[in-house]
**Student:** 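Next up is a structure, given as structure tokens.
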Protein chains: 2
Amino acid sequence: MNGPVQNLQPEGGKSRRVYLLLLDEISNGTYPEGALLPGEQRLAQMYSVSRVTVRRALDALARDGRIEKRTGAGSVVLPARRDTGVTADLTTLIPQLEEMHRRTTARLLSFSYGPAPGPVAQALGLEPGAEVQMAQRVRLLDGGPFSHLTTHVPADLASRYSESDLATTPLFRLLERGGVTVAGARQWVSATLATPEVARSLDISEGSALISLIRVVRDAEGRAIEHLAALYRPDLYRFEMSLARVGAEDARHWSPVIGAEGGA
Amino acid sequence: MNGPVQNLQPEGGKSRRVYLLLLDEISNGTYPEGALLPGEQRLAQMYSVSRVTVRRALDALARDGRIEKRTGAGSVVLPARRDTGVTADLTTLIPQLEEMHRRTTARLLSFSYGPAPGPVAQALGLEPGAEVQMAQRVRLLDGGPFSHLTTHVPADLASRYSESDLATTPLFRLLERGGVTVAGARQWVSATLATPEVARSLDISEGSALISLIRVVRDAEGRAIEHLAALYRPDLYRFEMSLARVGAEDARHWSPVIGAEGGA
DNA sequence: TGTATCTGTTCTACAAATATGACAGATTTC
DNA sequence: GAAATCTGTCATATTTGTAGAACAGATACA
């Protein structure tokens with residue numbers, strides 16, 4: 001009943017396939033910065049597609065800012081702009097702006113009260129349908145969106161701050177200000193695809209890869225007080241951490257380096 | 001010259017769009033476990049596509065095991081099988097198998113020596129074109145693939161272990177056994193799309209979202225000794241970590257909980 | 001300067017995805 | 001048991017994606 005899987009998935013056609021292949025070969029160094037890609041004719045031959053299809057893929061790469069098309073010359077690989085963006089230290093939850101004169105702001109997309117969705121209620125330990133406050137925000141870096149945040153807070157706690165506070169302050173800090181004792185958090189990092197709605201708010205194409213972070217924050221009594229579902233653009237945001245190999249010879253193990261800057 | 005961006009991206013067609021939309025609404029709880037989806041006719045109307053297109057999306061969801069199609073009745077949402085898979089503690093690098101009678105094995109895909117690709121050479125601090133050993137492996141959980149690993153090691157260090165060792169033992173442990181002092185590591189977590197080659201080896205459809213982990217391991221002298229590029233299936237693998245809110249009232253901050261099990 | 005190579009553009013032909021409608025059979029509901 | 005609703009399947013028209021080829025203009029190189 002579980003034979004060889006047929007390809008009945010909406011894959012996205014050949015041009016998307018070539019797009020992904022080239023994107024991968026650019027980022028893994030097969031075509032390094034400044035290098036000239038093979039000609040469209042040659043690429044078409046390499047991937048067994050028509051030149052029209054190759055051109056679509058190249059146009060998409062050019063739109064992404066990964067290559068530059070030069071009439072009569074060819075397509076050159078542009079430097080991946082890793083110099084920009086935000087890096088977050090996973091061990092301290094503190095985001096570090098690469099350059100200090102940058103600024104992040106937030107934009108509130110939606111704000112409402114209602115019954116908790118199933119997965120959220122389960123993660124927070126609420127009975128299904130319990131009243132929660134839901135807020136969706138987009139964080140901007142110098143005006144460009146880099147993360148999409150969806151938070152759920154039990155309704156009785158949510159009354160302690162205002163809607164406009166959400167545009168400026170992290171939620172757990174608002175809760176602390178309201179008298180709640182934030183004791184700890186548990187979080188999971190994963191990956192997901194951009195749905196049309198998220199793609200629009202993050203200014204990317206739908207189906208792009210996004211970093212997914214789920215965080216459940218608890219107070220001193222162990223009660224869940226916040227559920228955060230965050231989506232980050234991988235080109236503008238990174239999670240980083242340093243580890244040290246410590247312990248005696250027969251019991252060596254890894255341990256996080258807290259607040260490191262140089263790292264290991 | 002940079003007006004409103006036209007949609008010249010290979011998006012993947014309407015059926016993929018509907019597929020993504022439904023996948024999102026299932027996982028965010030709009031359609032909870034056991035619920036009946038709207039009829040195909042109705043879905044077609046909701047998303048402004050034809051019934052044929054909706055059927056493609058539903059077929060893909062059924063193939064993924066997210067829904068079950070029932071002739072004459074409708075499509076019901078299946079429980080997301082979170083009970084399976086591997087969870088890795090990011091603070092200790094120790095993967096925890098959810099059930100103890102499971103077993104992970106590895107399969108060697110390729111093994112070769114050659115010049116280091118640009119990004120790898122840069123990350124390892126080698127001169128471009130320096131000789132490295134490259135190995136690609138797939139890790140299996142009970143016979144099913146869940147991660148794709150690409151490692152680069154400077155050629156002079158790589159001679160200390162055999163090709164067959166790679167099928168069983170983590171690389172940094174092989175290096176330790178060979179006399180290298182593993183002192184620390186620095187790693188980044190991100191997200192990427194599955195290229196056709198990776199998709200094949202992980203038994204997923206190309207364009208799927210994958211967790212990406214880059215790790216650079218260094219010895220006591222600060223010399224880079226290993227570059228790991230790992231790709232994980234998000235449905236079978238997760239990164240988890242617990243954080244505690246510690247410190248005095250005016251200097252509260254987050255700190256990782258090491259080796260926690262219950263977490264905060 | 002001439003030649004080879006490459007992109008930009010256009011055209012025709014074919015393949016695949018999609019829209020639309022229809023009908024049989026299964027399932028649920030009353 | 002009858003009616004309503006739903007899926008499974010088929011057929012056809014339309015739209016979109018792709019293949020293949022040709023040619024003009026731009027660029028690189030000897």
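Below, read A as the first sequence line, B as the second, and so on, with proteins coming before strands; counting in each chain starts at 1.
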**Student:** Within a strict 4.5 Å, meaning less than it, do heavy atoms of the A/Leu193 and A/Leu210 side chains meet?
**Tutor:** no

**Student:** Quick check on C/dT18: is either OP1 or OP2 less than 4.0 Å from any side-chain nitrogen or oxygen of B/Ser15?
**Tutor:** yes

**Student:** Round to a whole Å and report the spacing from CZ of B/Arg17 to C1' of C/dA17.
**Tutor:** 16 Å

**Student:** When you look at A/Arg233 and A/Asp235, which way does the salt bridge (charged side-chain N to carboxylate O under 4.0 Å, His left out) test go after all the steps?
**Tutor:** CA-CA 5 Å; A/Arg233 282 179 57 165; A/Asp235 58 333; 2.8 Å; yes

**Student:** Checking B/Gln136 against B/Ser110: is there a side-chain donor and acceptor pair closer than 3.5 Å?
**Tutor:** yes

**Student:** Hey, can you tell me if A/Tyr232 and A/Phe239 have their rings parallel, tilted or perpendicular (30° and 60° cut-offs)?
**Tutor:** perpendicular

**Student:** Going by atom types alone, do A/Tyr19 and A/Asp59 pair a side-chain donor with an acceptor below 3.5 Å?
**Tutor:** no

**Student:** For nucleotides 5-12 of chain C, just jot down a letter per nucleotide in 5' to 3' order: B, S or -, based on protein non-hydrogen atoms under 4.0 Å.
**Tutor:** BBBBB---

**Student:** For the pair made of CZ in A/Arg56 and C1' in D/dT16, what is the distance, rounded to whole Å?
**Tutor:** 8 Å

**Student:** Would one find a side-chain N or O of A/Lys14 under 4.0 angstrom from OP1 or OP2 of D/dA19?
**Tutor:** yes

**Student:** Return the value, rounded to whole Å, for the distance between atom CD of B/Gln45 and atom P of C/dG21.
**Tutor:** 13 Å

**Student:** OP1 or OP2 of C/dA19 less than 4.0 angstrom from a side-chain nitrogen or oxygen of B/Thr53, does that happen here?
**Tutor:** yes

**Student:** Please tell me if B/Ser50 has a side-chain N or O lying less than 4.0 Å from either OP1 or OP2 of C/dA19.
**Tutor:** yes

**Student:** If we ignore angles and hydrogens, is there a donor and acceptor under 3.5 Å between the side chains of B/Ser190 and A/Arg238?
**Tutor:** no

